[in-house]
Amino acid sequence: MKKKILAAIFSGMVLLGGSYSISLAQEILIYDKQYGAPYWIITETISQTNNVITADVGYGQNKSRKHTYKFMQKDNVWYCVNPSGNQWVTVEPNSPDNDILYVVLQNINNVYIDYGETYMKNPIHWWVDLQNMEKTGTKDKPVIKISAYKVRKNIDGVLDFKIYTFINENNNWLYKWYTPTSGKSQNEASSGDEWQDVSNDRLTKDLLQIALTH
């Protein structure tokens, strides 16, 4: 992506060798290559729930308008809901949508898995810890370690916590999980000694998909 490096527009920092400027207010500014129109991507609003990524983007003269972009990948093709309408459209190369998607993918911090569950009448979801995800192993036998926390929406406190390890053997993904906490039996605190097939558990399958795409 070839956009000129912006020179401290917000008195923030310039990412050397990159394509955008980031401000102290956590906004990333890019310019439409065709018309030169500015877009302000508000990084603190970037999040992913299941397979949909959302981000608030300001545009127009002096950020006079704002739109919540939605992005989704299906069959290796990216789609978005942009300010032009309320329907999914293909993200075209050399478009503002594509430039915004590039920045959004570089700045996702909050990823959630949501099955519409509740706990004591409070909605809950799983928060995926991307910051501490580890990818090791070899090309033929990759290993992924990632944590997931079951939390209530808008309420502090963790209801459950699991650390997953995934391995790929003969093009088949297997997993184990454990919870590093006291007061639980072996069966409650881990999946056991045997590797299990990812396809047998919805949460594990969704978690692996997130790990593979980040």
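Just so it is clear, the model here is predicted, and its values are computed rather than measured. Each residue takes its place number in the sequence, starting with 1.
Under a hydrophobic-cluster definition in which Ile, Leu, Val, Met, Phe, Trp and Tyr are linked whenever side-chain heavy atoms come within less than 4.5 Å, directly or via other members, Tyr149 and Tyr112 are assigned to the same cluster. Ile53 and Val77 fall into different hydrophobic clusters, where Ile, Leu, Val, Met, Phe, Trp and Tyr are joined by side-chain heavy atoms under 4.5 Å apart, directly or via other members. Taken together through direct or relayed side-chain contacts under 4.5 Å among Ile, Leu, Val, Met, Phe, Trp and Tyr, Leu105 and Val128 form part of one hydrophobic cluster. Residues Trp78 and Val57 fall within the same hydrophobic cluster, defined by Ile, Leu, Val, Met, Phe, Trp and Tyr side chains chained together at heavy-atom separations under 4.5 Å. Criterion: ILVMFWY side-chain heavy atoms under 4.5 Å apart, direct or through other members. Under it, Tyr102 and Tyr59 are part of a common hydrophobic cluster.
Here Lys153 pairs with Asp114 under the salt bridge (Lys or Arg N to Asp or Glu O under 4.0 Å) rule; sequence neighbours left out.
Using a 4.5 Å cut-off on side-chain heavy atoms (C-beta onward), Thr45 and Thr68 make no contact. Taking the side chain as every heavy atom from C-beta outward, His214 and Ile108 approach each other to under 4.5 Å. Contact of the Leu159 side chain with the Arg152 side chain is registered, since non-hydrogen atoms from C-beta on lie closer than 4.5 Å.
In this pair, Phe71 and Tyr69 present their aromatic rings parallel. The plane angle is below 30°, not in the 30 to 60° band.
Val198 and Lys205 make their closest contact through CG1-CA, 3.5 Å (heavy atoms, listed as atom of the first residue, atom of the second, distance). Across every non-hydrogen atom of Trp126 and Glu117, the tightest pair is NE1-OE1, 4.2 Å. Minimum heavy-atom separation, Val104 to Ala55: CG2-CB, 3.9 Å. Nearest heavy-atom pair across Ser191 and Lys176 is OG-CA, 3.4 Å.
Atom-to-atom distance recorded for Gln131:CD and Asn109:CG is 5.0 Å, nearest 0.5 angstrom. Remark: His125 NE2 to Ile113 CD1 distance equals 11.0 Å, nearest 0.5 Å.
In this structure a side-chain-to-backbone donor-acceptor pair under 3.5 Å is present from Thr43 to Gln26. Proximity of a side-chain donor or acceptor of Lys135 to a complementary backbone N or O of Ala211 within less than 3.5 Å is detected. Panel note: side chain Gln48, backbone Asn50; a donor-acceptor pair is recorded below 3.5 Å.
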Distance-only donor-acceptor pairs under 3.5 Å for side chains of residues 82-92, two or more places apart:
unit_1	atom_1	unit_2	atom_2	d
Asn82	OD1	Ser84	N	3.0
Asn82	ND2	Asp97	OD2	2.8

Tell me which donor-acceptor pairs under 3.5 Å the side chains of residues 161-174 have, and how far apart each pair is, sequence neighbours excluded?
unit_1	atom_1	unit_2	atom_2	d
Asn168	OD1	Asn171	N	3.2
Glu169	OE2	Lys141	NZ	3.2
Asn172	ND2	Asp197	OD2	3.4

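Checking Asp206, Asp201, Leu207 one by one against Thr204, the side-chain contact (heavy atoms from CB on, under 4.5 Å) holds for a single residue, Asp201. When each of Ile28, Ile41, Val111 is checked for a side-chain contact (heavy atoms from CB on, under 4.5 Å) with Ile46, only Ile41 meets the rule.
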Pair Leu130-Ile210, side chain to side chain contact (heavy atoms under 4.5 Å, CB included): steps then yes or no: CA-CA 9 Å; Leu130 291 181; Ile210 288 171; 4.2 Å; yes

Side chain to side chain contact (heavy atoms under 4.5 Å, CB included) between Tyr115 and Leu203, intermediate numbers included: CA-CA 9 Å; Tyr115 298 127; Leu203 172 63; 4.0 Å; yes

Test log, rule side chain to side chain contact (heavy atoms under 4.5 Å, CB included), inputs Ile30 and Ile100: CA-CA 8 Å; Ile30 65 173; Ile100 292 168; 3.7 Å; yes

